[in-house]
Number of protein chains: 2
Amino acid sequence: MKPPRSSKNDVFLRYKLWLAAVSGEGIVEESTYLLLKAVREKGSLKAAAEHLNVSYRKAWGDIKNSEELLGYELTEKHRGGQGGGKSELTSKAFNLLEAYDALHRKMDAAIEEAYQDFKEKIK
Amino acid sequence: MKPPRSSKNDVFLRYKLWLAAVSGEGIVEESTYLLLKAVREKGSLKAAAEHLNVSYRKAWGDIKNSEELLGYELTEKHRGGQGGGKSELTSKAFNLLEAYDALHRKMDAAIEEAYQDFKEKIK
DNA sequence: TTTCGATAGGAATTGCTATTCATATCCCCT
DNA sequence: AGGGGATATGAATAGCAATTCCTATCGAAA
């Protein structure tokens with residue numbers, strides 16, 4: 001076997017968290033959470049998509065998909081006007097992000113807690 | 001907007017956990033953990049792959065990839081012989097699965113804990 | 001009232017990932 | 001000694017998801 005392409009020491013635990021239906025179908029993917037955060041910061045879907053380095057087409061489709069599955073809007077869309085348009089989060093989207101962040105912190109803590117033991121066990 | 005294709009009530013939090021390098025490159029993907037568990041149960045990579053409904057080619061490649069990145073073997077491979085051959089987990093792979101399962105349980109607990117609050121906030 | 005830039009969304013294309021295909025090797029058991 | 005079934009691996013193909021391309025629409029500001 002060839003020498004390892006990575007050192008045992010710089011190993012990390014990563015995860016993705018998403019909201020799903022019983023069927024397993026993703027309702028709000030992790031990438032969509034990130035997108036919503038970027039919209040909150042940037043004020044437009046276009047800027048958010050660019051920030052995350054994904055195509056506008058995909059970003060737009062992802063949010064639309066989540067909205068349809070949830071049954072409510074995550075963004076208030078404005079076409080035309082100053083700057084050409086903008087997108088803002090709805091209060092429900094704010095709630096979603098708040099809940100997501102809270103859970104995210106808990107999971108980060110669980111990983112933090114397990115990390116040393118994990119590294120020990122796999123080396 | 002059309003009526004939602006899913007009820008707010010049957011919504012679940014799902015996640016994937018994996019071991020990664022600084023670069024973000026996956027070292028042991030979640031699917032590989034599952035594969036290793038299946039090998040442990042089934043005694044062969046072929047049976048494990050079939051059990052998980054993935055091609056033998058991919059299963060084989062995934063394990064090889066993880067082994068190369070880790071720098072050690074996760075399976076003891078045996079060609080020929082009774083039954084044509086078999087694969088068994090190495091003790092390091094057992095450790096890996098043990099560590100993975102422990103962390104997995106912690107993350108499940110974090111989700112369990114946050115679940116009601118989450119559902120409340122997103123409805 | 002014309003312009004500018006973002007939202008909206010269909011259609012074609014690209015690009016990656018997994019499957020499929022093909023072939024070789026190994027070795028216990030009969 | 002030979003058969004059978006799993007491991008091993010390259011090469012081609014299929015399947016899918018994201019990007020690219022295009023064309024419309026909207027409305028504040030100049």
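Lettering of chains follows the sequences in order, A, B, ..., and the numbering in each one begins at 1. Atoms considered below: every heavy atom in the structure, side chains included; atoms not considered: hydrogens, waters and symmetry mates. It should be emphasised that the depicted structure is a prediction, and the values quoted were computed from it without experimental measurement.
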Check your understanding: OP1, OP2 of dG5(D) versus side-chain N and O of Ser44(B): anything below 4.0 Å?
Key -> no
Check your understanding: Arg79(B) has a side chain; which of dT19(C), dC26(C), dT9(D) sits nearest to it?
Key -> dC26(C)
Check your understanding: Is there a donor-acceptor contact under 3.5 Å linking the side chains of Tyr100(A) and Glu30(A)?
Key -> yes
Point to revise | Gln82(B) CD to dT7(D) P, straight-line distance once rounded to whole Å | key: 12 Å
Exercise for review: Quickly work out the Lys64(A) NZ to dG10(C) C1' distance and round it to whole Å.
Suggested key: 12 Å
Check your understanding: Parallel, tilted or perpendicular: which fits the ring planes of Tyr115(A) and Phe12(A), with parallel below 30° and perpendicular above 60°?
Key -> parallel
Study note, to complete from the structure: Of Lys86(B) and Ala59(A), the one whose closest nucleotide on DNA chain D sits nearer the 5' end is Lys86(B)
Check your understanding: Quick one: Glu67(B) CD to dT7(D) P, roughly how many Å, whole number?
Key -> 13 Å
Review point. How about His104(B) and Tyr15(B): are their ring centroids closer than 6.0 Å?
Key: yes
Practice item. Report yes if a side-chain nitrogen or oxygen of Lys77(A) is closer than 4.0 Å to either non-bridging phosphate oxygen (OP1 or OP2) of dA6(C); otherwise report no. Key: no
Review point. Any side-chain donor-acceptor pair under 3.5 Å between Lys77(B) and Thr75(B)?
Key: yes
Review point. Leu45(A) CG to dT25(D) P: how many Å, rounded?
Key: 20 Å
**Study point:** Among dT7(C), dT19(C), dT20(D), the one nearest Lys58(B) by side-chain distance
**Key:** dT19(C)
Exercise for review: For Glu88(A) and dT7(C), give me the distance from atom CD to atom P, rounded to whole Å.
Suggested key: 11 Å
Check your understanding: Heavy atoms under 4.0 Å, any strand shown: does Gly80(A) hit a base, just sugar-phosphate, or nothing?
Key -> base
Check your understanding: Does the side chain of Trp60(A) get closer than 4.0 angstrom to OP1 or OP2 of dA8(C) through an N or O atom?
Key -> yes
Practice item. Pick out which of His51(B), Glu50(B), Lys37(B) makes a side-chain contact (heavy atoms from CB on, under 4.5 Å) with Lys42(B). Key: His51(B)
Revision key, fill the gap. Taking for Arg57(A) and for Gly81(A) the nucleotide of DNA chain C with the nearest heavy atom, the one nearer the 5' end belongs to Gly81(A)
Point to revise | Lys46(B) vs dT7(D): side-chain N/O to OP1/OP2 distance below 4.0 Å | key: no
Practice item. Could you tell me the separation between the CG atom of Leu74(B) and the P atom of dT7(D), rounded to a whole number of Å? Key: 15 Å
Review point. NZ of Lys42(B) versus P of dG5(D): gap in Å, rounded?
Key: 18 Å
Exercise for review: Find the distance Tyr56(B):OH to dT17(C):P and express it as a whole number of Å.
Suggested key: 22 Å
